[in-house]
Amino acid sequence: MTASYLSHKQEFFKCKELESQQEDDNPSLSASSDEETERRDLSDSAKQDESFGEEHQPITVLDKNINDHQGSAKCKNICCAEDSSEPFQPRSKTILEKTSQASGVGKNFRVRTFQVVWYNNYSWITLCGTSYLVFCHYCRKAKQKGLLTFSSKQEKAFTLDGFGNWKKALQRFKEHESSQCRKESMEKIILMHQPSVASKLATELENSQALHRTLLKKEISSIKYLLRQGMPLRGHKDKDGNLYQMLKTRAEDVPEISKWLELKRYQSPQIVNEIISLMGQEVLRGILVKIREAGYFGLMADETRDISNKEQLVVCCRWVDEYYNIPEDLLGLFQISSCTADSIVSHLKDILVRCILPLNQCRGQG
């Protein structure tokens, strides 16, 4: 585009030199050729303006195009999307070359383009890929959403029309950087994208619950291991118990368990006993499913007195599995009021009903 302009310029000066030489050789022709020379000058300048306008179209000529864009409102590209969360800052030479603007003639001829370094100095700059003009990302977005309420001076060049005077770019950027409009827009846009206090509290609570749920599973797995090995969970002191010491050892791999032990949650004897009871019920359900699948079973019962001088009825069940093995499983210890035959029979019937074991499938008792 610069070469075309310079070629027209050279042709113009060559014509002027030829005319001056002809005037020196034949002065009588100078008067008659004045009118023709003037017409030629006008035609050459018109051609130069036409070619310059087609190639460059400086910002002063683009007023109509800028008004048509109205701040790139008609631009459907990602650079001007209303839902864009970050400024559009292309660094491709192909795009940046289209922002070039020419001004001046002769020695004063200059071609100015948008500079990439401006992105680093002014992070709010966004470049429209359709009009190749600069906007303030925060001001334009705040204007679109109607958030500007306190700023009396709202710069249309950075919100609606677009800015493209690269000669005064640094000056205007510095002024806009410190303007009240940009500060208000930036604060409101950032606050709009930040989660509310309620959502922050909900997220924190959810994360805390997830962590405590994981630590409770670690404690349950430790209890399960100790029960499987037939080891006592508590000692003479809380910190001497097997459960506490095992969790303390596991804290070397899972540091969060140390805080769990300091909080002393789900570690009281009542809660630990309830966890053990729930585990026992789950094991009993699995055994009863297998007994029902076998079809028939034998029942064994005996009473004994515990250390608190209370009668306990021990009930066991024998059955045959699919491999013809004869497992003998404990159904539990049940406290009874007396050791009479009627009392034992009534308790056995109650146990079979609760275990969903039909009495007519019982093929032996002992």
Side-chain angles (χ1 to χ4, degrees), residues 212-213 215-247 260-261 264-366:
H212 289 170
R213 190 180 297 110
L215 297 177
L216 179 59
K217 290 180 179 178
K218 300 293 184 183
E219 180 179 345
I220 292 174
S221 63
S222 300
I223 294 174
K224 181 180 178 180
Y225 172 79
L226 294 174
L227 293 176
R228 175 63 181 80
Q229 298 301 113
M231 300 172 64
L233 274 66
R234 294 188 296 273
H236 294 290
K237 296 181 179 179
D238 292 339
K239 294 185 177 181
D240 295 336
N242 292 327
L243 177 60
Y244 184 90
Q245 292 299 325
M246 187 173 185
L247 290 174
W260 179 262
L261 292 174
K264 296 183 179 180
R265 292 187 176 181
Y266 298 97
Q267 298 174 41
S268 65
Q270 293 80 6
I271 293 178
V272 172
N273 290 337
E274 184 177 355
I275 293 174
I276 295 173
S277 177
L278 293 173
M279 288 183 176
Q281 293 177 10
E282 186 64 25
V283 172
L284 180 60
R285 290 192 191 98
I287 294 173
L288 293 175
V289 169
K290 295 179 180 179
I291 295 174
R292 295 189 200 102
E293 291 176 352
Y296 301 99
F297 59 90
L299 204 60
M300 297 184 298
D302 192 10
E303 70 277 355
T304 183
R305 185 171 294 181
D306 59 15
I307 194 173
S308 61
N309 203 24
K310 294 180 181 179
E311 294 290 340
Q312 301 284 344
L313 181 64
V314 183
V315 181
C316 297
C317 188
R318 299 186 67 185
W319 52 285
V320 181
D321 61 11
E322 56 183 351
Y323 301 106
Y324 299 101
N325 298 319
I326 305 177
E328 185 174 316
D329 296 309
L330 175 68
L331 297 184
L333 281 79
F334 305 93
Q335 184 176 345
I336 57 177
S337 55
S338 65
C339 296
T340 61
D342 293 337
S343 177
I344 294 175
V345 169
S346 62
H347 279 87
L348 287 175
K349 288 182 178 179
D350 180 65
I351 293 169
L352 292 177
V353 170
R354 284 187 286 172
C355 294
I356 316 178
L357 294 175
L359 183 58
N360 56 7
Q361 292 182 359
C362 181
R363 290 296 182 266
Q365 60 182 10

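Only heavy atoms go into these numbers, but all of them, side chains included; no hydrogens, no water, no symmetry mates.
Remark: C317 SG to D329 CG distance equals 7.5 Å, nearest 0.5 Å. To the nearest 0.5 Å, the span separating CD on E328 from CD1 on I326 amounts to 10.0 Å. For the atom pair NZ (K310) and CD1 (I336), the distance works out to 13.0 Å, reported to the nearest 0.5 Å. Here CD of E303 is found 10.0 Å from OG of S338. Values are rounded to the nearest 0.5 Å. A distance of 13.0 Å separates NZ in K224 from NZ in K217, rounded to the nearest 0.5 Å.
Annotation for D321 and W319: closest pair CB-CZ3, 3.6 Å, computed over non-hydrogen atoms. Taking both residues in full, the closest heavy atoms of Q335 and H347 are given as O-NE2, 3.9 Å, listed atom of the first, atom of the second, then distance. For C339 against I344, the heavy-atom pair with the smallest separation is O-CD1, 3.7 Å.
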Listing, residues 277-301 side-chain donor-acceptor contacts under 3.5 Å, not counting sequence neighbours, or none:
from: E282; atom 1: OE1; to: R285; atom 2: NH1; distance (Å): 3.2
from: R292; atom 1: NE; to: I356; atom 2: O; distance (Å): 3.1
from: R292; atom 1: NH2; to: C355; atom 2: O; distance (Å): 2.9

In residues 357-366, what donor-acceptor pairs under 3.5 Å come from side-chain atoms, sequence neighbours left out?
from: R363; atom 1: NH1; to: N360; atom 2: O; distance (Å): 2.6

May I have the list of side-chain donor-acceptor pairs in residues 234-245 shorter than 3.5 Å, sequence neighbours left out?
from: N242; atom 1: ND2; to: P232; atom 2: O; distance (Å): 2.6
from: Q245; atom 1: NE2; to: K239; atom 2: O; distance (Å): 2.4

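Under a cut-off of 6.0 angstrom, the local environment of CZ in F334 is crowded, with over 12 non-hydrogen atoms contributed by other residues, nucleotides or ligands.
In this structure, the side chain of S343 does not engage the main chain of T340 through any donor-acceptor pair within 3.5 Å.
For D350, the side-chain hydrogen bond (donor to acceptor under 3.5 Å, both in side chains) test picks out R354, with sequence neighbours left out. For the salt bridge (charged side-chain N to carboxylate O under 4.0 Å, His left out) test, residues two or more places apart in sequence or in another chain that qualify with R305 are E311. Residues passing the side-chain contact (heavy atoms from CB on, under 4.5 Å) test with I276 are I223, L227, L233, V272, N273, sequence neighbours excluded.
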Full working for side chain to side chain contact (heavy atoms under 4.5 Å, CB included) between W260 and L216: CA-CA 9 Å; W260 179 262; L216 179 59; 4.2 Å; yes
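Proximity of Q267 to L261: side-chain heavy atoms (C-beta onward) are separated by under 4.5 Å at one or more points.
Using modelled atom types, one finds a donor on one side chain and an acceptor on the other under 3.5 Å when comparing S308 with D306.
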